[in-house]
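Everything on this sheet refers to the single structure shown next.
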Amino acid sequence: MSSPAPQPASIDDPLSDERWQLVQRILASPAFQKSGRLRDLLQYITEQTIRGYAYELTEHHIGEAVFHKPAGYSPLEDSSVRVHARQLRLKLHEYFDGVGRDEGLILEIPKGSYAPTFRVARAVETAPAAVVIEPVAHGFNRAILPWVLCGALAALCAGLFVYFQLSSPRAFSAHVTSSPWPFAQVFDSRHQTVIVVADGNYGMFRILTGERGSLEQYLQRDFPQSSATLKLGKAGSRFADYISNSTLTSFADVANAVSLVKIAGPAQKQVSVRSARDLKIRDLDHENYVFIGSPASNPWVSLFQDKLNFRESEAAVGNSTKAFVNTNPLPGEQARYEGLRWTGTEGDDYAAIALLPNLTRDGSVLILQGLQQEGTEAAGRFLIEADNRHQLQRALGIPISDNFAGNVWFEALIRSRTVSGAPNSTSLVAVRRIH
């Protein structure tokens with residue numbers, strides 16, 4: 001049982017409270033130096049909470065008190081408080097994952113609330129001197145074994161594939177002089193470009209525990225040990241240890257990453273490939289990014305979901321058919337596009353391609369997300385083919401040319417016909433301009 005949060009030394013003097021002192025250390029950290037609005041927001045909600053006014057911390061009240069919104073403004077039309085609260089949660093994760101990792105007190109802002117909570121950090125247990133590996137049949141849930149073996153095989157294939165592709169001097173064509181549209185917006189001489197592949201372990205964790213997961217949960221220091229142990233018992237604890245100390249991704253992600261590096265042309269030297277597990281909030285400023293995978297396997301994609309028309313939906317994690325919800329259907333479009341029930345089966349799967357500004361609006365983000373692995377691979381294949389890019393340009397109403405240099409933000413829904421676990425054909429279903 002966790003220790004109770006400390007009480008204020010004096011309601012009339014919050015500055016002497018250790019919670020307020022923690023907040024001052026947080027605000028002095030590098031992550032908050034250039035975030036004036038986030039600093040004001042954190043100080044205000046903390047002081048109100050310490051003084052006993054946490055019940056007043058509604059979105060509307062904060063909008064007026066901190067962001068100086070006019071009295072009676074509509075939070076439904078102005079989402080700035082929600083956006084800043086989400087950014088604040090992520091900055092707090094960054095602090096406690098970095099310079100504040102040794103803090104004895106943890107500050108959190110629960111999702112759906114604006115009142116901060118404080119809890120005593122759990123002591124780090126001393127590691128045993130030796131670890132005995134028992135046979136799987138005696139202590140490990142047999143149902144988990146196929147996932148582990150498939151994951152290990154995927155990791156081996158992925159590692160070998162990337163190694164031989166990227167280390168070979170013949171891997172890249174010497175005839176590529178520049179990236180064709182829309183890749184020219186992602187691979188350029190002014191930015192580094194980071195390709196972020198999905199975290200296969202996170203996808204397995206969600207299916208086995210039935211948890212929806214979130215980026216905030218993903219960034220917690222004790223993820224996934226606490227949830228896996230709670231849901232799966234002893235076997236879950238061992239599984240959590242395994243996925244916490246390994247990095248797995250899918251063949252689809254590797255294939256897309258290799259194709260993207262090839263098409264980067266002269267900008268290849270500025271391209272790097274990273275796992276979603278290795279990315280930090282502080283990394284997301286001022287560069288170009290390519291995110292491969294949906295929020296179900298690459299939680300970073302959730303940062304951009306509210307800007308998209310086609311959004312992934314899943315009723316019961318691991319036990320229902322996923323779909324893309326068309327939030328604003330146009331004439332002739334469906335409101336929902338359902339994909340494969342399971343990866344590896346035959347049928348139609350769907351994927352979404354999105355190109356939009358990065359969080360600091362001085363670079364680009366390309367997202368390739370499929371409902372299943374086949375859809376994700378199909379999204380990459382579609383965009384690599386010149387004929388498909390020209391079809392996309394035509395649908396967007398822009399000049400049909402690989403040399404088109406304009407900045408166009410868009411999203412596109414792709415249908416892929418899959419056979420034996422691989423996309424066999426692709427077609428363009430719908431497009432949207434992002435303004």
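If you're wondering where the values come from, they're calculated on a predicted model, not measured in any experiment.
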**Item:** Where Gln43 and Trp20 come nearest, the two heavy atoms and their spacing
**Value:** O-CZ3, 3.5 Å

**Asked** CG/Asn256 to OG1/Thr249 distance, rounded to the nearest 0.5 angstrom?
**Response** 10.0 Å

**Partners meeting salt bridge (charged side-chain N to carboxylate O under 4.0 Å, His left out) with Arg336 (sequence neighbours left out)** = Glu338

**Message:** Main chain of Phe96, side chain of Arg101: is a donor-acceptor contact present, judged purely on distance under 3.5 Å?
**Reply:** no

**Fill in**
Note: Phe187 and Ser179 closest approach over all heavy atoms is CB-OG, 3.7 Å

**Request:** Please check if atom OH in Tyr73 has more than 12 non-hydrogen atoms from other residues, nucleotides or ligands closer than 6.0 Å.
**Result:** yes

**Asked** Looking at Tyr350 versus Tyr337, is the centre-to-centre ring distance below 6.0 Å?
**Response** yes

**Among Arg25, Arg119, Arg19, the one residue meeting salt bridge (charged side-chain N to carboxylate O under 4.0 Å, His left out) with Glu103** = Arg25

**Prompt:** Is the backbone N or O of Val408 less than 3.5 Å from a side-chain atom of Arg433, with the two atoms forming a donor-acceptor pair by type?
**Reply:** no

**Under 3.5 Å donor-acceptor, Asn298 side chain and Val196 backbone** = yes

**Message:** Using every non-hydrogen atom in the two residues, find where Gly293 and Thr376 come nearest and quote the distance to one decimal.
**Reply:** N-CG2, 4.1 Å

**Message:** side-chain contact (heavy atoms from CB on, under 4.5 Å) for Leu356 and Ile367? Distances and angles first, verdict last.
**Reply:** CA-CA 9 Å; Leu356 64 166; Ile367 299 173; 4.1 Å; yes

**Request:** Identify the two heavy atoms, one from Ala121 and one from Ile106, that lie closest to each other, and give their separation to 0.1 Å.
**Result:** CB-CG1, 3.8 Å

**Message:** Donor-acceptor pair, distance only, cut-off 3.5 Å: does the side chain of Asn358 make one with the backbone of Asp362?
**Reply:** yes

**Prompt:** For Glu287, which residues count as a salt bridge (charged side-chain N to carboxylate O under 4.0 Å, His left out) partner, sequence neighbours excluded?
**Reply:** none

**Request:** Decide side-chain contact (heavy atoms from CB on, under 4.5 Å) for Leu90 and Leu303; before the verdict, give the C-alpha distance in whole Å, the side-chain angles of both, and the deciding distance to 0.1 Å.
**Result:** CA-CA 10 Å; Leu90 296 176; Leu303 286 173; 3.3 Å; yes

**Request:** Using a strict 4.0 Å threshold on nitrogen-to-oxygen distance, state whether Arg86 and Asp306 make a salt bridge.
**Result:** yes

**Fill in**
Residues Asp188 and Gln270: closest non-hydrogen pair is O-NE2, 3.5 Å

**Request:** Please determine, by modelled atom types, if Asn326 and Asn309 share a side-chain donor-acceptor pair under 3.5 angstrom.
**Result:** yes

**Request:** Say whether, by atom type as modelled, one donor and one acceptor occur between the side chain of Asn288 and the main chain of Thr193 under 3.5 angstrom.
**Result:** no

**Asked** If only atom types and distance count, is the side chain of Arg89 paired as donor or acceptor with the main-chain N or O of Ile109 below 3.5 Å?
**Response** yes

**Request:** Using the test salt bridge (charged side-chain N to carboxylate O under 4.0 Å, His left out), find all partners of Arg39 that sit at least two apart in sequence or belong to another chain.
**Result:** none

**Asked** Does the side-chain contact (heavy atoms from CB on, under 4.5 Å) test come out yes or no for Ile353 and Leu392, once each step is laid out?
**Response** CA-CA 11 Å; Ile353 300 170; Leu392 181 57; 5.7 Å; no

**Message:** Among residues at least two apart in sequence or on other chains, which ones pass salt bridge (charged side-chain N to carboxylate O under 4.0 Å, His left out) with Glu333?
**Reply:** Arg432

**Sidechain-backbone polar pair: Asp349 side chain, Gln372 backbone, donor-acceptor under 3.5 Å** = yes

**Item:** Closest non-hydrogen atom pair, Lys307 against Glu411
**Value:** O-OE2, 4.4 Å

**Request:** Go through the structure and list residues passing ring pair (Phe, Tyr, Trp, His ring centres under 6.0 Å) with Phe304, not counting sequence neighbours.
**Result:** Phe291

**Prompt:** Just by distance, with hydrogens left out, do Asp278 and Ser275 show a side-chain donor and acceptor under 3.5 Å apart?
**Reply:** no

**Check against side-chain contact (heavy atoms from CB on, under 4.5 Å), Leu260 and Val273** = CA-CA 10 Å; Leu260 289 167; Val273 180; over 6 Å; no

**Prompt:** For the ring pair Tyr202 and Trp300, is the centre-to-centre distance below 6.0 Å?
**Reply:** no

**Request:** For Ser313 and Val325, indicate whether the former's side chain and the latter's backbone hold a donor-acceptor pair under 3.5 Å.
**Result:** no

**Residues in side chain to side chain contact (heavy atoms under 4.5 Å, CB included) contact with Ala65, at least two apart in sequence or another chain** = Tyr44, His61

**Complete:** Result for side chain to side chain donor-acceptor pair (under 3.5 Å) between Ser294 and one of Glu312, Arg311, Gln369, Gln305 points to Glu312

